[in-house]
A.B. asks: 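Take this structure, written in structure tokens, and hold onto it; I'll ask about it next.
Every chain is numbered from 1, with letters handed out A, B, ... down the list of sequences.
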2 protein chains.
Amino acid sequence: MKNKNLFGTCPYFTAQKILVGKWSLLILHYLDGEVLRFKQLERLLAPIAQTTLTKQLRGLEEHGLIERKVYTQIPPRVEYSLTQVGREFKPVLEKLELWGEIYIKYLENKNKT
Amino acid sequence: MKNKNLFGTCPYFTAQKILVGKWSLLILHYLDGEVLRFKQLERLLAPIAQTTLTKQLRGLEEHGLIERKVYTQIPPRVEYSLTQVGREFKPVLEKLELWGEIYIKYLENKNKT
DNA sequence: CGGCATCCTTCTAGATACTG
DNA sequence: CAGTATCTAGAAGGATGCCG
């Protein structure tokens with residue numbers, strides 16, 4: 001990892017490293033207060049590729065934001081949920097959602113003119 | 001752009017598209033309430049590459065979050081500042097900074113054990 | 001169902017050199 | 001000072017096929 005000096009020191013830089021990936025915000029949003037299986041996430045995030053979802057989930061798991069629970073059975077059952085530090089991210093998501101809506105309105109107004 | 005259907009519709013997906021780039025969050029943070037010249041930003045974001053900074057700024061400008069003001073003079077002077085919709089992003093940054101600090105503490109505790 | 005291995009393509013940061 | 005043009009290395013998303 002480049003700029004290791006900033007990671008773990010600057011809050012913004014650290015956050016940016018966590019939020020890499022096209023789907024990480026959406027995953028954290030859908031997992032808020034929910035326990036979801038792999039297939040459920042895949043459907044919610046369509047048209048995400050299966051391999052991509054796996055990689056994103058592994059990344060978030062390594063960073064400690066989500067938890068992966070495997071039930072050894074046939075058919076397999078794997079459940080994903082937020083960890084403590086993952087749940088603490090919720091205020092960011094809330095503000096982000098508000099801003100996203102503001103921005104979408106901004107886009108609409110821009111297209112009118 | 002892939003998934004154009006989600007861009008401009010889903011707040012999270014839209015936000016993710018805006019926040020691409022390793023430096024966008026930091027740039028928005030430093031421009032909060034400030035008007036900065038290219039060189040000032042470059043110093044604040046060291047060790048960012050000059051070309052990288054240019055690209056990030058162009059991206060944010062195209063998305064309408066920052067404004068670029070050029071003074072035609074020698075030596076050149078270019079100032080960057082937040083637009084209205086860019087300033088509206090501040091609540092997100094505030095929550096993100098809080099979470100970043102929480103996460104950094106989480107990392108420190110994890111390394112102790 | 002929930003993966004993994006493999007391969008491919010695109011995207012991105014960054015280095016370097018040059019310009020008005 | 002504030003870029004542009006060009007190139008490279010690497011990462012990321014994604015398609016496909018196979019497996020317990």
A.B. asks: Could you see if A:Val20 belongs to whatever hydrophobic cluster contains A:Phe13? Use Ile, Leu, Val, Met, Phe, Trp, Tyr and a side-chain cutoff under 4.5 Å.
C.D. replies: no
A.B. asks: Tell me, do A:Leu60 and A:Trp23 make a side-chain contact under 4.5 Å, heavy atoms counted?
C.D. replies: no
A.B. asks: Given atom NZ of B:Lys17 and atom C1' of D:dA12, what is their separation to the nearest angstrom?
C.D. replies: 12 Å
A.B. asks: Is a side-chain donor or acceptor of B:Gln16 paired with a backbone partner of A:Gly21 at a separation under 3.5 angstrom?
C.D. replies: yes
A.B. asks: Should B:Thr52 be listed as having a side-chain N or O under 4.0 Å from OP1 or OP2 of C:dG14?
C.D. replies: yes
A.B. asks: In whole angstrom, give the distance that lies between atom CZ of A:Phe38 and atom P of C:dC4.
C.D. replies: 9 Å
A.B. asks: If I take atom CD in residue B:Gln40 and atom P in nucleotide D:dG3, what distance separates them, rounded to the nearest angstrom?
C.D. replies: 13 Å
A.B. asks: Mind checking if B:Glu42 touches a base, just sugar-phosphate, or nothing, with heavy atoms under 4.0 Å?
C.D. replies: nothing
A.B. asks: Any chance you could lay out the side-chain hydrogen bond (donor to acceptor under 3.5 Å, both in side chains) test for B:Arg87 and B:Gln84, step after step, and finish with the verdict?
C.D. replies: CA-CA 5 Å; B:Arg87 281 190 292 274; B:Gln84 176 59 36; 3.3 Å; yes
A.B. asks: Please report the shortest heavy-atom distance between B:Cys10 and A:Ile104, naming the atom on each side.
C.D. replies: C-CD1, 4.1 Å
A.B. asks: Looking only at the side chain of A:Pro76 (C-beta and beyond, no hydrogens), which of the listed nucleotides D:dG3, C:dG2, C:dG20 gets closest?
C.D. replies: C:dG2
A.B. asks: Could you tell me how far apart B:Arg43 (CZ) and D:dC1 (P) are, to the nearest whole angstrom?
C.D. replies: 7 Å
A.B. asks: Return the minimal non-hydrogen interatomic distance between B:Lys22 and B:Gln56, and the atom names on each side.
C.D. replies: N-NE2, 3.9 Å
A.B. asks: Can you name the nearest heavy-atom pair linking A:Leu26 to A:Leu45, along with the distance?
C.D. replies: CB-CD2, 3.7 Å
A.B. asks: Using heavy atoms and a sub-4.0 Å distance, could you list which residues of residues 65-74 of chain B are near DNA chain D? By number, please.
C.D. replies: B:Arg68
A.B. asks: Whole Å only: how far is the CG atom of A:Leu41 from the P atom of C:dG2?
C.D. replies: 10 Å
A.B. asks: Please report the closest heavy-atom contact between B:Arg37 and B:Pro76, naming both atoms and the distance.
C.D. replies: NH2-O, 3.3 Å
A.B. asks: Could you state the interatomic distance from NE2 (A:His63) to CG (B:Leu107), rounded to the nearest 0.5 Å?
C.D. replies: 8.5 Å
A.B. asks: Taking the nucleotide of DNA chain D with the closest heavy atom to each, which residue, A:Pro75 or A:Ala49, is nearer the 5' end?
C.D. replies: A:Ala49
A.B. asks: So which pairs with a foot in residues 26-51 of chain A pass ring pair (Phe, Tyr, Trp, His ring centres under 6.0 Å), sequence neighbours left out?
C.D. replies: A:His29-B:Tyr12
A.B. asks: Do A:Gln50 and D:dG14 have a side chain to base donor-acceptor pair shorter than 3.5 Å?
C.D. replies: no
A.B. asks: Nearest whole angstrom, please: distance from the C1' of C:dT9 to the NZ of A:Lys22.
C.D. replies: 13 Å
A.B. asks: Given C:dG2, is OP1 or OP2 found less than 4.0 Å from the side-chain N or O atoms of A:Arg37?
C.D. replies: yes
A.B. asks: Does some side-chain heavy atom of A:Leu93 sit less than 4.5 Å from a side-chain heavy atom of A:Glu97?
C.D. replies: no
A.B. asks: Roughly how far, to the nearest 0.5 Å, is CG of A:Leu57 from CD of A:Glu62?
C.D. replies: 11.5 Å
A.B. asks: Whole angstroms only, please: what is the CD-C1' distance between A:Gln56 and D:dG14?
C.D. replies: 11 Å
A.B. asks: Can you pull out the residues from residues 24-32 of chain B that lie within a 4.0 Å heavy-atom distance of DNA chain C?
C.D. replies: none
A.B. asks: Check whether A:Thr83 reaches the backbone of A:Gly64 with its side chain - one donor and one acceptor, N or O, closer than 3.5 Å.
C.D. replies: yes
A.B. asks: Taking only the side-chain nitrogens and oxygens of B:Tyr80, find out if one of them lies under 4.0 Å from OP1 or OP2 of D:dC1.
C.D. replies: no
A.B. asks: Can you measure from CD1 (B:Ile27) to CG (B:Leu41) and round to the nearest 0.5 angstrom?
C.D. replies: 6.5 Å
A.B. asks: Polar pairs (N or O, both sides) under 3.5 Å between protein and nucleotides 5-10 of chain D?
C.D. replies:
none

A.B. asks: Quick one: bend of the helix from C:dC1-D:dG20 to C:dG20-D:dC1 from 5 pairs per end, to 10°?
C.D. replies: 50°
A.B. asks: Just jot down the ring-ring contact (aromatic ring centres under 6.0 Å, His included) partners of A:Tyr103, sequence neighbours excluded, or say none.
C.D. replies: A:Trp99, A:Tyr106
A.B. asks: What is the separation between atom CG on A:Leu57 and atom P on C:dC4, rounded to the nearest whole Å?
C.D. replies: 10 Å
